[in-house]
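All values reported here derive from a predicted model rather than from experimental measurement.
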2 protein chains.
Amino acid sequence: MADGPKGETTGKRQTRVRRNPEETRRRILEAATEEFSAVGFEGGRIDSIARKAKANQRMIYHYFGDKAGLYVAVLEQALSDLREEELQLTVDTFSPREGLLRLFDFISGHFDRHPELVKLLSGENLLDAAHLRRSDATPVISSPLLGLVTQLLERGAADQSLRAGLNPLHLYVSMVALSYFHLSNAATLSVIFTTDLRCDDWRAEHRAMARNMLDVYLGAIA
Amino acid sequence: MADGPKGETTGKRQTRVRRNPEETRRRILEAATEEFSAVGFEGGRIDSIARKAKANQRMIYHYFGDKAGLYVAVLEQALSDLREEELQLTVDTFSPREGLLRLFDFISGHFDRHPELVKLLSGENLLDAAHLRRSDATPVISSPLLGLVTQLLERGAADQSLRAGLNPLHLYVSMVALSYFHLSNAATLSVIFTTDLRCDDWRAEHRAMARNMLDVYLGAIA
DNA sequence: GGCACTAGTAAGTATTCATTTACAAATGTT
DNA sequence: AACATTTGTAAATGAATACTTACTAGTGCC
């Protein structure tokens, strides 16, 4: 039983909520995603995350080990979510060109719907992917989408609707560049060009223009 | 005159180097550029910057006010350097299409030669351009390159080598996307795809592919 | 019901960090 | 030469921060 002084704190304590380890861990992860995507790893604060999660700081160390462990878990969760959606994609019923355009639509749509992923990836690159390199969850971060690009390019070479010998990784990186950059760098671009690159109209128009650029290119590499 | 205890420190002091305020300020700015481009604003450390600069921490506050002031000065310097190079560009003697390709070559070349600018811009976007917004050096951060894009598109519309009505900012942002993303996100892409996107061969090939994509697109919007 | 273990709370600790204080030396001005 | 100002050094300070310690309460198992 508690001694005097400590017994006093018992009176101060609010009644504890029922235990729910999965729910606590989930809330911590969600709060950490919000925090790290807003200010990056070094800007993130453990006490701020605990507060947002309505959990004790101790629980962060209990579930994740340390701040870096939490951050890696956040990255893995975000990349795992992306992978889950990528695994739903099928492009078998489309022509190679249309299939590639559908992949572009998926990529740009996913980044539009998940600005936190854009921020997390940008932040992790700032740190030279030092934390992601430590991840041992390779299967959850690997992207099946490159495989789809490869398949489509092979199919296009076979039916001669696309030129043979195209490098899928180069094409993939260009497609992602056209989907990602206007989101990731919207803040500085808006300041430098005194134009709001964040409004929905601008973004929709930009996606359409970028999609058209890709489409024209795919038509030309026929 | 020094009192007793403090007089003792005189004996400890190394002989001071000759004063050179411009040189000290330059070394601090250079060291801060290195530090902030490596780890971002929040990851940057004043003592680390002072050490790299071979200057006293006090001097950082003397010249720049505070950490944020130093960071803004770093951003302004980097953007001013870019602007200086952009102001050297002329595309008057080129066809609109060739002129735009030359601008693409400039953009991608500048980012290749200045990886610290890529990191600084990515880092500042992570912070929602909060520091850049505070900059009052608007003339040095504004980019003349968009004006060149605009001129070329207008000239192309006039001589009918390019379609009329194209939005210069959308085209500009796409051109920068194709020049920047493979550099800014090379770290995470290398981990996810277990391919080194940092080697020179990969980058040269990627630039050529991206340039071709732009070229094809410009040909198609004739 | 008792015991062992885990989830969770509250508070504390050591270190880090940006910034300031106090002062000395170099330099410019009179 | 004396004085004023600026550049620069060294150390200190207060706040922030990640993480740990000590403990309590909830839960599972026997």
Side-chain angles (χ1 to χ4, degrees), chain A residues 1-29 31-32 35-36 39-74 131, chain B residues 1-29 31-32 35-36 39-74 131:
Chain A
M1 189 66 68
D3 63 9
K6 287 167 178 169
E8 287 175 11
T9 63
T10 307
K12 285 176 183 169
R13 265 174 194 162
Q14 296 190 340
T15 306
R16 284 191 185 189
V17 298
R18 188 174 298 233
R19 284 173 161 195
N20 192 337
E22 290 82 17
E23 175 63 12
T24 301
R25 189 179 188 286
R26 187 196 65 74
R27 289 201 319 273
I28 290 173
L29 211 46
E35 175 86 353
F36 289 134
V39 292
F41 173 72
E42 257 118 353
R45 295 286 173 262
I46 293 290
D47 67 331
S48 175
I49 293 167
R51 196 180 315 121
K52 284 174 176 171
K54 293 182 173 49
N56 193 271
Q57 294 186 45
R58 184 71 192 84
M59 301 321 298
I60 293 178
Y61 296 95
H62 177 67
Y63 289 119
F64 300 99
D66 57 12
K67 183 181 179 185
L70 174 60
Y71 178 70
V72 166
V74 163
H131 295 97
Chain B
M1 186 70 69
D3 60 9
K6 289 170 179 168
E8 288 174 12
T9 62
T10 306
K12 286 176 184 168
R13 262 173 197 164
Q14 295 189 339
T15 305
R16 281 194 185 189
V17 297
R18 190 173 298 231
R19 284 173 158 196
N20 192 337
E22 289 83 17
E23 176 61 12
T24 301
R25 188 179 189 284
R26 189 196 64 74
R27 291 201 317 274
I28 290 172
L29 211 48
E35 176 87 351
F36 289 134
V39 291
F41 174 72
E42 257 118 352
R45 296 290 175 259
I46 293 290
D47 67 329
S48 174
I49 292 167
R51 196 179 315 120
K52 284 172 177 171
K54 293 180 171 50
N56 194 270
Q57 293 186 45
R58 183 70 191 87
M59 299 323 299
I60 293 177
Y61 295 94
H62 177 67
Y63 288 120
F64 300 98
D66 57 11
K67 183 182 180 186
L70 174 59
Y71 179 71
V72 167
V74 163
H131 295 97

Side-chain atoms of A/Y61 come closest, of D/dG8, C/dT20, D/dA18, to D/dA18

Within the structure, does a side-chain N or O atom of B/Y63 lie under 4.0 Å from either OP1 or OP2 of D/dG8?
-> yes

Under the 3.5 angstrom rule, does the side chain of B/R27 hit a backbone N or O of B/K54 as a donor-acceptor pair?
-> yes

Whole-Å distance between C/dC5 P and A/H62 NE2?
-> 14 Å

For B/R51, what residues pass the side chain to side chain donor-acceptor pair (under 3.5 Å) criterion, not counting sequence neighbours?
-> B/D47

Using a cut-off of strictly less than 4.0 Å between a heavy atom of the residue and any atom of DNA chain C, enumerate the qualifying residues of residues 52-60 of chain A by number.
-> A/N56, A/R58, A/M59

Applying side chain to side chain donor-acceptor pair (under 3.5 Å) to A/K52 and not counting sequence neighbours gives A/E35

Looking only at heavy atoms, which two atoms of B/V39 and B/G44 are closest? And how far apart?
-> CG2-N, 3.6 Å

Give the minimum heavy-atom separation between A/I28 and A/A55, together with the two atoms involved.
-> CG1-CB, 4.0 Å

When rounded to whole Å, the CZ to C1' distance for the pair B/R25 and D/dG8 reads 16 Å

Phosphate-side-chain proximity, A/T24 and C/dG8, N/O vs OP1/OP2 below 4.0 Å = yes

Whole-Å distance between C/dA7 C1' and A/R27 CZ?
-> 12 Å

Kindly compute the distance separating CG (B/N20) from CZ (B/R25), expressed to the nearest 0.5 Å.
-> 13.0 Å

What is the minimum heavy-atom distance between A/A73 and A/L29, and which atoms define it?
-> CB-CD1, 3.8 Å

Counting only pairs under 3.5 Å, give me each side-chain donor-acceptor contact of residues 58-66 of chain A, with atom names and distances, residues two or more places apart or in other chains.
unit_1: A/Y63; atom_1: OH; unit_2: A/P21; atom_2: O; d: 3.3
unit_1: A/D66; atom_1: OD1; unit_2: A/A68; atom_2: N; d: 3.4
unit_1: A/D66; atom_1: OD1; unit_2: A/G69; atom_2: N; d: 2.7

Side chain of B/D66: nearest nucleotide among D/dT7, C/dT19, D/dC19?
-> C/dT19

Heavy atoms, side chains only, cut-off 4.5 Å: are B/F41 and A/E42 in contact?
-> no

B/E23 CD - D/dG8 C1' separation (whole Å) | 14 Å

Please write out the pairs of protein N or O atoms and N or O atoms of nucleotides 13-17 of chain C separated by less than 3.5 Å, giving the distance to one decimal.
unit_1: C/dC17; atom_1: OP1; unit_2: B/R45; atom_2: NE; d: 2.3
unit_1: C/dC17; atom_1: OP1; unit_2: B/R45; atom_2: NH2; d: 3.0
unit_1: C/dC17; atom_1: O5'; unit_2: B/R45; atom_2: NE; d: 3.0

